[in-house]
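Notes follow the structure.
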Amino acid sequence: MHPIARVAALSVVVATLNACHGSPTEPVPRLIGCHNTPAPAAVSTTHPAGTLSARASGLTGRPYGISVSSAGVVLVTQQDANSVARFTLADPVSRVSVPTGGDPGDVVFSHDGRTAYVSNFFDGTVRVVDVVSGQGIRLLTVDPFNAYRLALSPDDTQLYVTSTSGRLYVVDPSGGQPTLSVQLAGSLQGIALSRDGLTLMASSTSGAVYRLNACTLATLATTQLTSSAQDIALSADQTELYVASESGRVDALDATSLNWLRGLSFVSLRPFGLSVTPDGAQLYVASPTTGQVAIIDRGSGTTLLTLATGGTPRRIAFDATGSTAVVSNEGNWVDVIR
């Protein structure tokens, strides 16, 4: 690189760091955003074969949000029971319930799997839970009215919380109050964080989709879809963003510009929950109104399988390897797909 170009490039990096941190008095160890992104662990990823292999039945309160820890522990919110159910992929029958708050809607694990964060819709709070003991550690106050979707930064220092009023918050998980927020449009139904933790995606029922600086919440790109946007998911290679719409379609956007790339239309599906397999090969789509989960080949857009789960399937999560998927169902169960 030419010396002048090298100086210019370094100036851009320093300016970016100062925008997030202020002028540092000590050398900055990594050229990143507002948090130190740890190196991702090497995990061999795959995808399920597509078989409904087990069902964790006998849950209560209309299971909704769901997540799987790095150790294979599953937490699923029970909205009407004001709790989360905890079980393992190895034993979906044995479970305990952990009290949370009013109408828990989403749950995420810390990256070591020891701590979980549960949003409480009616309370506008997030309950911090010790996963092993099943005890609440503390309560984070977020929004006067509601707290909904969650995402956690790679170093566990920034918790992102959406609301149905369109406000997006950044919360310090070790504290109790938001440190930053921004007003967006509509009800924020989808949230996705890039693997490096530098950009945050959000979708709204108004049809708006946003790409934000995860440190400052400044808007980097936005687009307007003609349909109400529900769940969103980033492809494993971080190049595409998928947006579910209950009008019967999934849109693929360029993950940087948010330019529309292509759309998948369905006759019998009403997409709501959405997730990409960790190996990036397939897209899982939950259709609550028809009681189905579709498995789609990302490359061709072809529907490979349509699983009839019955009930009202909502959210989808995968284990660390991608060999197992879990689907929450408001019929009071969780389906396990291997």
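Note: hydrogens, waters and symmetry copies are ignored here, and every other heavy atom, side chains too, is used.
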(request) Please report the C-alpha distance between Asn120 and Thr125 in whole Å, then the side-chain angles of each, then the deciding distance to 0.1 Å, and finally whether the side-chain hydrogen bond (donor to acceptor under 3.5 Å, both in side chains) criterion is met. (result) CA-CA 5 Å; Asn120 300 311; Thr125 61; 3.0 Å; yes

(request) Output, in order, the C-alpha distance, side-chain angles, deciding distance and verdict of side-chain hydrogen bond (donor to acceptor under 3.5 Å, both in side chains) for Ser203 and Gln189. (result) CA-CA 6 Å; Ser203 65; Gln189 297 285 329; over 6 Å; no

(message) For a 4.5 angstrom cut-off between non-hydrogen side-chain atoms, does Leu184 reach Leu212?
(response) yes

(message) Assess the residue pair Thr100 and Arg127 against the criterion (side-chain hydrogen bond (donor to acceptor under 3.5 Å, both in side chains)); give the C-alpha distance rounded to whole Å, side-chain angles, the decisive distance to 0.1 Å, and a yes or no.
(response) CA-CA 6 Å; Thr100 56; Arg127 171 68 68 183; over 6 Å; no

(request) Might you point out which heavy atoms bring Leu225 and Val209 nearest each other, and give the distance in Å? (result) CD1-CG2, 4.0 Å

(message) Per the salt bridge (Lys or Arg N to Asp or Glu O under 4.0 Å) rule, what does the pair list look like for residues 53-69, sequence neighbours excluded?
(response) Arg55-Asp335, Arg62-Asp80, Arg62-Glu330

(message) Suppose clustering is done on Ile, Leu, Val, Met, Phe, Trp and Tyr with side-chain heavy atoms closer than 4.5 Å. Which residues sit in the same group as Val285?
(response) Tyr242, Val250, Leu264, Phe266, Leu269, Leu274, Val276, Leu283, Ile296

(request) Indicate yes or no: at least one non-hydrogen side-chain atom of Val161 is less than 4.5 angstrom from one of Tyr117. (result) no

(message) Over 60° means perpendicular and under 30° means parallel, so tell me whether Tyr148 and Phe121 are parallel, tilted or perpendicular.
(response) perpendicular

(request) May I ask you to test the Pro104-Asn82 pair for a side-chain heavy-atom distance under 4.5 Å? (result) yes

(message) Quick test of your reading of the model: are Asp231 and Arg149 salt-bridged, counting only N-O distances below 4.0 Å?
(response) yes

(request) Begin from the C-alpha positions of Thr51 and Ser53 and carry the test side-chain hydrogen bond (donor to acceptor under 3.5 Å, both in side chains) through to its verdict. (result) CA-CA 6 Å; Thr51 301; Ser53 66; over 6 Å; no

(request) Consider only side-chain N and O atoms of Ser245 and Ser247, and report whether a donor and an acceptor are under 3.5 Å apart. (result) yes

